[in-house]
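Here the structure is laid out as structure tokens; the discussion comes afterwards.
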2 protein chains.
Amino acid sequence: MPARAPRRPRRATHSREQIVETAIAVLDREGAAGLTLRGLAAELGGGLGSVYWYVEGKRELMELCCDVLFGRAVDLGVGDAEFSSPPMDVDLDGLPEAVQHGAVGVRRLAMALFGELMAHPWLAAQSQLVGAGRVEGMRFWDALGRQLAVMGLSPQQQFIGSTAVIGYVMGVSAEMMSQDAHADPGTSKEEQLRTFADSWQGPEYEGLDWLRSIGEEFAAHDDTEQFAGGLDLLVTGLVHRAV
Amino acid sequence: MPARAPRRPRRATHSREQIVETAIAVLDREGAAGLTLRGLAAELGGGLGSVYWYVEGKRELMELCCDVLFGRAVDLGVGDAEFSSPPMDVDLDGLPEAVQHGAVGVRRLAMALFGELMAHPWLAAQSQLVGAGRVEGMRFWDALGRQLAVMGLSPQQQFIGSTAVIGYVMGVSAEMMSQDAHADPGTSKEEQLRTFADSWQGPEYEGLDWLRSIGEEFAAHDDTEQFAGGLDLLVTGLVHRAV
DNA sequence: ACCTGAACACCGTTCAAGT
DNA sequence: ACCTGAACACCGTTCAAGT
């Protein structure tokens, strides 16, 4: 064997944005438990420690990942791009135009955020990071609050309403995404729903007659319609306060 | 020094209930990050491995802890014990009695769950475990669904409404509890709120005029009133669907 | 049947040393 | 200024060995 010069390690060069984007890709592929700083460094082609030059630690990295996606939700939710969502089930007939506009704006922002949460199933469970004061998250809150102000709600109702909508979006999404995570992979969505619904007929749920009665509704439901339906309950409440 | 017989380790004796109760105590005291199986075993006076005789692993242990507290929320929410909650801000005048009863029942259950989430600040962030099919969690869902059935809502609206309420409760609570966790300890609640509100005037939030306008509302708010206010938006929506 | 603790295979974080 | 990787102080989980 000919002698070899010892491999000099190549120095990889990073940026904060690149690290965050790569982390999001890993999270999308492997889930929250699948992101490790070692794995991330390997994916970036560099050493473990260099990540720490750009982020304070794993927690800040997660916050930055979440914030980027909140930013995309605002951009989509305040823009005039078309994106599909179920028809709104709120009676706006005869209401002042400002109330109608505000209600539509609230719904649009919430649906845009829901879209990001569906596209990145690990994200909804990170709601603990919402209050971290990251700028894109705050931009989302600001955009939502503006719509409630447009509706003519009092400052107190703007505050309560905006936090209620964000809480609803994050909470319902976390519910839905965790259900997907619990299901074993390889089965279709329909089979998963059916398996859940059938399990509720088991003896451990004896006496929970309502639960048993709702199985068919669950087996036939669509996540986006379910989300939009609950959102419209909130929007109905907001409209009711505005007039 | 007199010779000593080697210490024979005492065999500790456990039960599943004792392990879960102790884990809840540790979680309350140290938070979710503070619960380790080694620490738990030490607290129980036994060895690390024995915990595995009773629970499959840390994940199941967390699920069991959450489920116990959901159980307490149902018991309180369906019983007739008095517990304080802000006055309901939903107009029920002239509505059928069944609708009124159902609406009150929904609110009662949601407030009872919120109480548990406030008493155990680590709990709200575990919403990923809600869909795990644990029996007390399912009992809570069943109790809530019954109230929506009482209101006369369609099965679809029962499904959408019940998941919306649970999602709202978990999501808003996770928001609130994480805010407390981010604040540095040693300062009063009022000071914490003031610090947050003031930080929104900083240059990184330039252009977020609504955010800046809402600071005073935030600084003066009360968590329970905020929660109840948002909940009543949802209940208003439900009542609107029922008539 | 139930308990023990060493051993294993990981983690996140730090930091002296490099370029 | 930015990168490297060994070292440290933990984790959860497994399992052969005990009682």
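Everything quoted here is computed from the prediction, not taken from an experiment. All chains are named by letter (A, B, ...) in the order of the sequence lines, taking the proteins before the strands, and each is independently numbered beginning at 1.
- dG12(D) atom C1' lies 14 Å from atom CE of Met62(B), rounded to whole Å.
- Under 4.0 angstrom from either OP1 or OP2 of dC2(D) there lies no side-chain N or O belonging to Ser50(A).
- Remark: C1' of dC11(C) and CG of Leu61(A) are 15 Å apart, rounded to the nearest angstrom.
- For dC3(D), the OP1/OP2 oxygens have no side-chain nitrogen or oxygen of Trp53(A) closer than 4.0 Å.
- Within the nucleic acid shown, Gly57(A) comes within 4.0 Å of sugar-phosphate atoms alone, with no base atom in reach, counting heavy atoms only.
- Here Leu40(A) lies out of heavy-atom contact (under 4.0 Å) with every strand.
- Between Leu37(B) atom CG and dT14(D) atom P there is a gap of 11 Å when expressed in whole angstrom units.
- Between Glu56(A) atom CD and dT13(C) atom C1' there is a gap of 13 Å when expressed in whole angstrom units.
- For Lys58(B), the side-chain atoms get nearest to dT13(D) when compared with the rest of dG12(C), dT13(D), dC2(D).
- Ring geometry for Trp122(A) versus His120(A): interplanar angle over 60°, hence perpendicular rather than tilted (30 to 60°).
- Taking the centre of each ring, Trp210(A) and Trp200(A) stay at or above the 6.0 Å mark.
- Ionic pairing of Asp75(B) and Arg139(B) is present here: one or more N-O contacts between side-chain nitrogen and carboxylate oxygen are shorter than 4.0 angstrom.
- Pairing partner, dC8(D): dG12(C), with both Watson-Crick or wobble hydrogen-bond distances short of 3.5 Å.
- Separating the CD atom of Glu30(B) from the P atom of dC10(D) is a distance of 14 Å, rounded to the nearest angstrom.
- Look at CZ on Arg59(B): it is 11 Å from P on dT13(D), rounded to the nearest Å.
- Distances were taken from every side-chain heavy atom of Arg38(B) (C-beta onward) to each of dT4(C), dC11(D), dA7(D); the shortest belongs to dC11(D).
- As a whole-Å value, the separation of Leu48(B) CG from dC8(C) P is 16 Å.
- Using the Watson-Crick or G-U wobble rule with both distances under 3.5 Å, dG18(D) pairs with dC2(C).
- In this structure, the OH atom of Tyr54(A) is 12 Å from the P atom of dA1(D), given to the nearest Å.
- Between the CD1 atom in Ile19(A) and the CG atom in Leu37(A) there is a gap of 10.0 Å [rounded to 0.5 Å].
- Taking the centre of each ring, Tyr168(B) and Phe114(B) stay at or above the 6.0 Å mark.
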